Amino acid sequence: MSFSNLRRAETTSKLANETFDIVIVGGGITGAGIALDAATRGLKVALLEMNDFASGTSSRSTKLVHGGLRYLKQFEIKEVAQLGRERAVVYENGPHVTTPERMLLPFHKGGTFGRVMTNVALTMYDNLAQVKRSERKVMISKDAVVDKVPFIKEKGLKGGGVYVEYRTDDARLTLEVMKKAAEKGATILNYAQVTGFEYDKKKKVNGVRFLDKAIHKEVIVRTDVVVNASGPWVDKLRHLDYAKGKKHLQLSKGVHIVFDQEKFPLKQAVYFDTHDKRMVFAIPRDGKTYVGTTDDFYDGNAEDMHVLQSEVDYLLKAIADMFPHLTLHEADVESSWAGVRPLIFEEGKDPSEISRKDEIWEAESNIITIAGGKLTGYRKMAETIVDLLYKKYVPKKRFDHATCQTKQLPISGGDVGGSKGFATFKETWMQKLQALSFTKDEATNLIATFGSNIDTAISYIDYNDTNLPNALYAKLMYSIHHEMVLHPIDFMYRRTGDLLFNIAEVKRHKADIIDVMAKIFVWSNDLKALYTKEVDEAIKNAESFRVS
Ligand code: FAD
């Protein structure tokens, strides 16, 4: 079945009429990873997402596949080792969507890490994460730091360490994992909100009720096992179950802001100290520089998040302290995003002290919850969950494989011969795309967006009779026919990332994009007006900040 909302009726009918080995609630990276692991072991899998895929935390992160260097300060050695090693696996399986990024850690007199500590921490990081020789840390002098970032604070600067992390597009990573799960047979639906559970006489779950938000109809999916992977909403889901459990989440909000490179001409990613002894990232990407994150407890509505003026002020101060030669103001912020970390509550701890470890909670109803964790560790979290299903919840005969199959499995778009093969793949496609009159920037972006799906994506340009540039048209058509977009904002935010990193392009082409989608999906005028309003609100939300 093709992964498209043009076939939505078929997908819902399958969900309503068949019985599944597991139903996963939540279409972020955690749910996507579990769907892929379970489907590749032979299980019959359904996944339901209440909004768009990755619309929760999985499109609102710092967009790094990283081991979490700073967790070394909290002695979370095992966690850092596992996440650090996992980076290489995520990279190998999808090198188009994950890119090595050399990170500079400058050290100043009185800062978090001095020369010795930086050296020790980075060496430990390399060893724990089993970093390959070519990517191991290098210590550099003060002059070399200034050479890399000419506008960095020189007062008290002692030198720096350079180590490798991986930059990703979190929403596209989630999408690529989700598409692979669908390719392996999982039945997956977005805009499908779980509203309750059905039970048998022994009070074990035997069905999941969901609201099909596209047609406002309730549907029941049959299953004996539910995995609750709803991120910041896991507690809400657990409250729909009679066996609620004691542990709970503590949400922590994080904000990022985006500048044009003309305003913040950063060529080198930097991980730097803040005035209140935290650390934030400044990362160059696609002609922009983004900075984040904050870390504050949050008890508001996770579905209606806004960046606050005070959060922008905090990040502007951190930037001004570390890069005093730049003069950046609130008006220079082009776009922004806010997300919440689903952390496990720990009495008396500050947000940045709470562990990022994942935890699994099993309810007697056979609803299993997975919470916490990192984008980076999604595959290992999925392995742990499906191992548990094998041991305790799903009959063994339902499995084709007892053990995890995803370690060497390219995600969708990742069939490029691993990280080594990707260089050749990229070179070949750069030539082909430029021969088709795409600019160098467009070609680079198309390759990073689609990887090995690129030939399918660009095949659409032959039919472009719209005002949209071919590159944008190809992305739009591909997302409609192969990536389950339903609302225009799904495309602008999570299929392309343009709302965050190319907001001018969104404003320029939004009317044409909406027109194309309206025609293909046959929207009424009211629906078209509703979706247009949704886009306008999202633009406003990205560009402006609230007082409280
Ligand atoms: P989510 O992505 O939130 O997915 C849960 C999904 O469940 C949502 O899409 C939601 O709509 C859906 N849902 C909820 N209720 C229902 C329902 N009733 N029915 C159906 N669906 C439902 N990790 C890293 O590895 N690297 C980083 O650089 C990084 N930076 C971060 C920075 C910030 C500011 C934050 C907040 C997090 C960061 N993280 C990072 C952590 C990472 O983003 C999260 O661990 C990860 O995205 C969580 O994914 P998830 O699938 O568990 O949750």
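It should be emphasised that the depicted structure is a prediction, and the values quoted were computed from it without experimental measurement. For ligands, and for the atoms within them, numbers begin at 1 and follow the listed sequence. All values below were derived from every heavy atom in this structure, side-chain atoms included, with hydrogens, water molecules and symmetry-related copies excluded.
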* Determine whether the side chains of Thr195 and Arg209 contain a donor N or O and an acceptor N or O closer than 3.5 Å. => no
* Structure fact -> Note: Ala229, heavy atoms under 4.0 Å from ligand 1, region reported as backbone
* Looking only at distance, does Glu49 have an N or O less than 3.5 Å from an N or O of ligand 1? -> yes
* Could you tell me whether Leu375 and ligand 1 have an N or O pair separated by under 3.5 Å? => yes
* Asked: For ligand 1, is there an N or O atom under 3.5 Å from any N or O atom of Ile29?
  -> yes
* Among protein heavy atoms, which sits nearest to atom 5 (C) of ligand 1, and what does the distance come to when rounded to 0.1 Å? -> Ser230 C, 3.4 Å
* Would you please say whether a donor-acceptor pair under 3.5 Å links the side chains of Tyr191 and Asp490? => yes
* Asked: Can you check whether Glu311 reaches Phe545 side chain to side chain, under 4.5 Å on heavy atoms?
  -> no
* Does even one non-hydrogen atom of Ser59 get within less than 4.0 Å of ligand 1? -> no
* Flag if over 12 foreign heavy atoms under 6.0 Å of CG, Asp299 -> no
* Starting from atom 27 (C) of ligand 1, which protein heavy atom do you reach first, and at what distance in Å? -> Leu64 O, 3.4 Å
* To do: State the atoms of ligand 1, each with its element, that fall below the 4.0 Å cut-off from a heavy-atom position in Gly373.
  => 45 (O)
* Asked: Side chain, backbone, both or neither: which part of Thr62 has a heavy atom under 4.0 Å from ligand 1?
  -> both
* Taking only heavy atoms of Trp233 into account, list the atoms of ligand 1 that are under 4.0 Å away from them. => 3 (O), 8 (C), 10 (C), 14 (C), 15 (N)
* Which is it for Ala192 and ligand 1 at heavy atoms under 4.0 Å: side chain, backbone, both or neither? -> backbone
* Tell me which protein heavy atom sits closest to atom 21 (N) of ligand 1, plus the residue, atom name and distance to 0.1 Å. => Met50 N, 3.0 Å
* For Arg60, take its heavy atoms, then give the atoms of ligand 1 lying under 4.0 Å from any of them. => 33 (C), 34 (C)
* Give yes or no for whether the N/O distance cutoff of 3.5 Å, strictly under, is met between Leu237 and ligand 1. => no
* Asked: Can you check whether Val23 reaches Leu47 side chain to side chain, under 4.5 Å on heavy atoms?
  -> no
* For Arg341, is at least one N or O under 3.5 Å away from an N or O on ligand 1? -> no
* Asked: When you look for heavy atoms under 4.0 Å from ligand 1, do you find them on the side chain of Val255, its backbone, both, or neither?
  -> neither
* Asked: Which bit of Val25 gets closer than 4.0 Å to ligand 1, counting heavy atoms only: side chain, backbone, both or neither?
  -> side chain
* Asked: What residue and atom, counting heavy atoms only, is the protein's closest point to atom 4 (O) of ligand 1, and at what distance?
  -> Gly28 CA, 3.4 Å
* Asked: Just checking, any donor-acceptor pair under 3.5 angstrom between side chains of Ser59 and Arg494?
  -> no
* Sub-3.5 Å N/O-N/O distance, Gln193 and ligand 1 -> no
* Salt-bridge present (Lys317, Asp313; N to O < 4.0 Å) -> no
* To do: Test Thr369 against every option in Val226, Val234, Asp241 by the side chain to side chain contact (heavy atoms under 4.5 Å, CB included) rule and name the one that passes.
  => Val234
* Structure fact -> When every non-hydrogen atom of Arg238 is compared with those of Asn228, the smallest separation belongs to CG-ND2, 3.7 Å
* To do: Give a yes-or-no answer on whether the side chains of Tyr393 and Glu362 include a donor-acceptor pair shorter than 3.5 Å.
  => yes
* Asked: Tell me, which protein residue and heavy-atom name are nearest atom 29 (C) of ligand 1, and how many Å apart are they?
  -> Ser61 CB, 3.5 Å
* Asked: Does the side chain of Asn51 pick up a donor-acceptor pair with the side chain of Lys213 at under 3.5 Å?
  -> yes
* Is the number of heavy atoms from other residues, nucleotides or ligands within 6.0 Å of NZ (Lys204) greater than 12? -> yes
* Ion pair present between Arg167 and Asp286, side-chain N to carboxylate O less than 4.0 angstrom? -> no
* Asked: When you look for heavy atoms under 4.0 Å from ligand 1, do you find them on the side chain of Lys253, its backbone, both, or neither?
  -> neither
* Shortest protein heavy-atom distance from atom 25 (O) of ligand 1, along with the residue and atom involved -> Thr376 OG1, 2.6 Å
* **Identity and separation of the nearest protein heavy atom to atom 50 (P) of ligand 1** => Thr30 OG1, 3.2 Å
* **Distance-only polar pair, side chains of Asp52 and Tyr493, donor-acceptor under 3.5 Å** => no
* To do: Check whether any side-chain heavy atom of Thr406 lies under 4.5 Å from a side-chain heavy atom of Val89, and answer yes or no.
  => no
* To do: Kindly confirm or rule out an N or O of Gly254 lying under 3.5 angstrom from an N or O of ligand 1.
  => no
* **Atoms in ligand 1 flagged as close to Thr293, the criterion being non-hydrogen separation under 4.0 Å** => 34 (C)
* Under 4.0 Å from a heavy atom of Leu48: give me the atoms of ligand 1 that qualify, with their elements. => 20 (C), 21 (N)
* To do: List the closest protein heavy-atom neighbour of atom 2 (O) of ligand 1: residue, atom name, distance to the nearest 0.1 Å.
  => Ser58 OG, 2.5 Å
* ligand 1 versus Lys236, non-hydrogen atoms closer than 4.0 Å: side chain, backbone, both, neither? -> neither
* Short N/O distance, under 3.5 Å, between Ser252 and ligand 1? -> no
